[in-house]
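Per chain, numbering begins at 1; letters A, B, ... match sequence-line order. Quick caveat, the model's predicted, so the values are computed rather than measured.
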Protein chains: 2
Amino acid sequence: MATIYEVSKAAGVSLATVSRVMNGNSKVSERTRNKVLKAMDELGYRPNAIAQSLASNRTNSVGLLVSELHGSFFGDLMSTVEKELRADGKHVIITAGHSDEAREKEAIEFLKSRRCDALILHAEAVCDDYLRELNESGVSLVLVNRMVPGMEQQCFVLDNEAGGYLATKAAIDAGHRDIGYISGPQSKEDARQRLAGHVRALREAGLNTENALVYQGDYHESEGANGFKQLWQQHPGFSALICANDEMASGAMTAAREEGINVPEQLSVVGFDDVLFARYLHPRLTTVDNPVSAMGLMAARWVLHNVYKKKLSGVIKNVFLPELISRDSLGTHL
Amino acid sequence: MATIYEVSKAAGVSLATVSRVMNGNSKVSERTRNKVLKAMDELGYRPNAIAQSLASNRTNSVGLLVSELHGSFFGDLMSTVEKELRADGKHVIITAGHSDEAREKEAIEFLKSRRCDALILHAEAVCDDYLRELNESGVSLVLVNRMVPGMEQQCFVLDNEAGGYLATKAAIDAGHRDIGYISGPQSKEDARQRLAGHVRALREAGLNTENALVYQGDYHESEGANGFKQLWQQHPGFSALICANDEMASGAMTAAREEGINVPEQLSVVGFDDVLFARYLHPRLTTVDNPVSAMGLMAARWVLHNVYKKKLSGVIKNVFLPELISRDSLGTHL
DNA sequence: CAAACAAATGAAAGCGCTTACATATTGTTA
DNA sequence: TAACAATATGTAAGCGCTTTCATTTGTTTG
């Protein structure tokens with residue numbers, strides 16, 4: 001592979017001049033620029049990004065931490081972030097934290113050792129203090145799907161409470177009064193907030209929230225089925241079931257069907273997240289969207305603006321409001 | 001951030017010695033090693049991976065090209081590859097080629113400029129010659145889901161013909177005789193092979209393959225619906241429909257339902273790929289699995305072995321045989 | 001106890017770039 | 001045309017490591 005030195009020799013100019021035409025910042029006369037370009041072309045020269053990074057103290061790479069590399073939520077996030085950054089010549093190093101504290105920290109250390117110019121983190125397991133320290137230690141970072149007090153401008157989050165409210169409100173508006181809820185693990189912030197929104201909607205409608213029909217699941221499909229079974233046993237015949245995510249909604253729908261209960265005629269189901277397969281379920285799932293792509297985009301733009309000094313088109317938005325995606329699984333109840 | 005120089009000063013040894021304890025290849029006495037380790041610890045030293053790469057001409061990074069960053073197929077691939085390589089301290093730079101020749105080439109150039117030690121490519125649009133040239137130019141690379149003559153050992157593929165055969169054979173074994181087929185775009189190798197397998201199964205059963213019920217789709221859901229409609233119009237009442245992928249199978253099932261046709265009672269449907277949502281469809285989709293994870297694993301192991309000289313556990317397998325995943329969408333036909 | 005060898009350590013030259021700073025070239029003005 | 005900007009180009013010192021080769025130190029043996 002040709003180096004800058006060979007290019008400089010071939011073009012009959014100095015290293016500095018070659019570097020100048022590559023980076024296009026300093027002035028170079030039209031004639032020499034052409035000579036250099038020609039030499040580069042003839043040699044098939046490609047700058048060594050590693051050497052550039054070492055010399056310039058800039059890697060043009062941003063680290064992205066996700067919980068998993070599969071699943072539509074992270075797929076959308078990675079896809080959006082990569083596209084936006086790549087358009088500006090930056091590249092993304094992706095690592096997975098698997099929602100585990102040690103692995104998340106390890107992944108972050110890894111990204112730091114790779115000298116990423118910035119980090120975009122979907123960190124679930126590390127504590128707020130760790131993130132604040134990281135932030136103060138001089139690492140440029142933004143957080144997706146997490147709000148850390150003191151770093152509000154660097155956090156891009158969904159208003160989960162509003163989403164929880166939206167889902168239950170939709171059921172209430174459709175005439176439902178007996179409404180069950182399968183929550184996510186209450187150790188997770190988003191799960192707590194979604195539940196809080198649900199409770200607010202019930203209360204607002206004057207419904208009983210004391211001995212509410214709530215089952216705590218773990219966001220997995222199987223717990224959707226378990227949750228449904230338990231709630232149905234506890235209070236047979238409730239007319240709507242709100243689930244804190246689509247996976248559990250799917251599990252619940254399958255379990256209901258196995259009991260011979262028709263969705264949505266006998267039981268309405270509402271999910272949360274609008275993952276890809278929500279459209280493929282039968283009946284197609286009414287759910288609350290989770291604007292991952294929009295959040296990923298904002299995170300990428302923040303980096304472009306604050307780290308790479310690119311001027312912004314549009315404003316940076318930190319908190320996203322979810323919308324209800326009406327499909328077929330929510331029926332009216334007279 | 002502390003550098004190796006500061007560590008060497010703190011420990012009272014030379015740079016070379018610090019480097020030695022980091023890399024652990026050359027001998028260092030127990031006493032000095034401890035001094036160095038202590039100094040590193042106290043300074044919170046983290047080696048600069050960029051500088052290491054430049055000096056050693058090894059980046060410990062492998063480039064991964066996928067068509068898209070979302071979707072379960074690529075999610076599984078990325079996930080497996082990343083996990084396997086990361087376990088050995090390598091990291092993965094992921095880029096998307098969007099099944100477009102120019103973008104695939106650009107992505108590959110990008111990975112080359114990052115000086116990846118090896119490339120794992122899911123390249124659909126570039127031609128065989130390009131890949132062969134790349135290979136001969138000294139870049140270590142392997143191909144996933146693509147067989148290029150002359151590079152067999154570096155290709156990890158599914159036997160699509162066998163998969164196509166399997167799907168149709170299953171329908172025949174279940175008693176079906178009137179079998180429709182929605183193929184993928186015949187510009188793609190895998191689509192042609194899947195169709196070839198289908199035809200072989202028909203022929204073997206002594207069924208007519210002349211004016212066979214075949215519709216050419218594009219692997220997208222909508223074409224599954226279109227394909228079903230057209231075939232049904234052309235020959236109403238056929239009892240089984242084989243689709244070249246799950247997306248189209250889903251589209252076909254939805255279209256059938258809209259026509260009031262029950263799956264699987266009146267029409268059996270078989271898919272291909274066993275993507276995540278196949279389990280979520282109703283009825284759950286009988287399909288042919290596509291062992292992406294296994295292929296990704298092999299690709300990663302090949303790299304570990306051939307590029308990083310790691311000794312192998314187990315053998316390298318290049319061609320993978322698919323299996324039928326029996327669920328509920330294929331019924332018997334007497 | 002010195003010779004002979006092995007083991008541990010250090011000195012220094014890169015790796016391929018960027019970027020002050022210095023110098024050369026050109027253009028402008030009186 | 002001398003004097004001076006302004007502009008274009010070159011020189012060389014890093015960036016933080018690895019690695020070769022030379023040197024020092026330690027160990028063994030006759």
Side-chain angles (χ1 to χ4, degrees), chain A residues 1-40 43-61 89 91 112-117 138 308-309, chain B residues 1-40 43-61 89 91 112-117 138 308-309:
Chain A
M1 214 118 251
T3 72
I4 193 176
Y5 176 72
E6 301 171 47
V7 173
S8 81
K9 255 203 343 205
V13 299
S14 71
L15 297 184
T17 300
V18 178
S19 177
R20 284 184 188 109
V21 349
M22 287 201 304
N23 297 300
N25 34 29
S26 200
K27 304 251 90 75
V28 178
S29 80
E30 201 52 33
R31 238 196 31 222
T32 46
R33 142 168 287 110
N34 285 138
K35 278 196 301 190
V36 172
L37 256 21
K38 182 155 159 284
M40 284 180 168
L43 290 165
Y45 173 73
R46 314 236 74 217
N48 181 327
I50 299 294
Q52 286 179 314
S53 296
L54 184 60
S56 66
N57 200 27
R58 265 287 204 70
T59 58
N60 285 314
S61 68
H91 92 274
K112 279 170 65 181
S113 83
R114 276 0 256 206
R115 296 303 196 268
C116 292
D117 297 329
Y308 296 113
K309 305 305 172 197
Chain B
M1 222 145 220
T3 71
I4 194 178
Y5 176 73
E6 301 170 47
V7 173
S8 82
K9 255 200 351 202
V13 299
S14 73
L15 296 183
T17 301
V18 178
S19 177
R20 286 184 185 108
V21 350
M22 286 201 305
N23 297 300
N25 35 26
S26 199
K27 306 253 87 78
V28 178
S29 79
E30 201 53 34
R31 239 198 27 224
T32 47
R33 144 167 285 109
N34 286 139
K35 278 196 302 190
V36 172
L37 257 21
K38 183 156 159 280
M40 283 179 168
L43 291 165
Y45 173 74
R46 314 236 75 216
N48 181 328
I50 300 292
Q52 286 180 314
S53 296
L54 184 60
S56 66
N57 200 26
R58 265 286 206 69
T59 57
N60 285 313
S61 67
H91 91 274
K112 278 170 67 181
S113 84
R114 277 359 255 208
R115 297 302 195 268
C116 292
D117 298 328
Y308 297 114
K309 306 304 173 197

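In this structure, B/Arg58 places its CZ atom 19 Å from C1' of C/dG16, rounding to the nearest Å. Put simply, CG on A/Asn60 is 20 Å from P on D/dC15, counting in whole angstrom units. B/Ile50 has its CD1 atom 17 Å from the C1' atom of D/dG14, to the nearest Å. Distance, B/Met22 CE to C/dT9 P: 16 Å, rounded to whole Å. Across the protein-nucleic acid pair, A/Leu43 atom CG and C/dG16 atom C1' stand 15 Å apart, rounded to whole Å. Separating the CE atom of A/Met40 from the C1' atom of C/dG16 is a distance of 13 Å, rounded to the nearest angstrom. In this structure, the CG atom of A/Leu54 is 9 Å from the C1' atom of C/dC15, given to the nearest Å. Spacing between atom CG of A/Asn48 and atom P of C/dG14 amounts to 18 Å, rounded to whole angstrom units.
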B/Met40 vs B/Met22, test: side chain to side chain contact (heavy atoms under 4.5 Å, CB included). Steps then yes/no. CA-CA 10 Å; B/Met40 283 179 168; B/Met22 286 201 305; 3.2 Å; yes
For the pair B/Leu37 and B/Val21, evaluate side chain to side chain contact (heavy atoms under 4.5 Å, CB included) and give the outcome as yes or no after the intermediate values. CA-CA 8 Å; B/Leu37 257 21; B/Val21 350; 3.6 Å; yes
Side chain to side chain contact (heavy atoms under 4.5 Å, CB included) evaluation trace for B/Cys116 with B/Ser61: CA-CA 5 Å; B/Cys116 292; B/Ser61 67; 4.0 Å; yes
Just do the side chain to side chain contact (heavy atoms under 4.5 Å, CB included) check on A/Val18 and A/Tyr5 with the steps written out, would you? CA-CA 9 Å; A/Val18 178; A/Tyr5 176 72; over 6 Å; no
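For the pair A/Gln52 and C/dT18, the criterion of a side-chain N or O lying under 4.0 Å from OP1 or OP2 is met.
In the region residues 5-18 of chain A, proximity to DNA chain C at under 4.0 angstrom, judged on heavy atoms, holds for A/Ala16. Near DNA chain C, meaning a heavy atom under 4.0 Å away, the residues from residues 27-36 of chain B are B/Lys27, B/Val28, B/Ser29, B/Thr32.
Rounding to the nearest 0.5 Å gives a distance of 10.0 Å between OG1 of A/Thr32 and CZ of A/Arg20. To the nearest 0.5 Å, the span separating NE2 on B/His91 from CZ on A/Arg114 amounts to 4.5 Å.
Closest to the side chain of B/Ser19, from the set D/dT18, C/dC17, D/dG16, is D/dT18. Nearest to the side chain of A/Arg20, among D/dC17, C/dC17, C/dC21, sits C/dC21. Here the side chain of B/Asn23 is nearest to one of C/dG10, D/dT18, C/dT18, namely D/dT18.
Residue B/Asn23 places its CG atom among more than 12 non-hydrogen atoms of other residues, nucleotides or ligands, all under 6.0 Å distant. The 12-atom threshold is exceeded at CG of B/Asn34, counting heavy atoms of other residues, nucleotides or ligands nearer than 6.0 Å.
End-to-end axis angle of the helix from C/dC1-D/dG30 to C/dA30-D/dT1, using five pairs per end and rounding to 10°, comes to 40°.
Side chain of B/Ser56 to main chain of B/Gln52: a donor-acceptor pair is present (N/O by atom type, distance under 3.5 Å, no hydrogens or angles). Panel note: side chain B/Ser53, backbone B/Arg58; a donor-acceptor pair is recorded below 3.5 Å.
Of the residues near DNA chain C, B/Ser26 and B/Arg115, the one whose nearest nucleotide (by heavy atom distance) lies more toward the 5' end is B/Ser26.
In plain terms, the two heavy atoms of A/Ala51 and B/Leu54 that are nearest each other are CB-CD1, 3.7 Å.
For the pair B/Asn48/B/Thr3, no side-chain contact is recorded, criterion being any heavy-atom separation below 4.5 Å from C-beta on.
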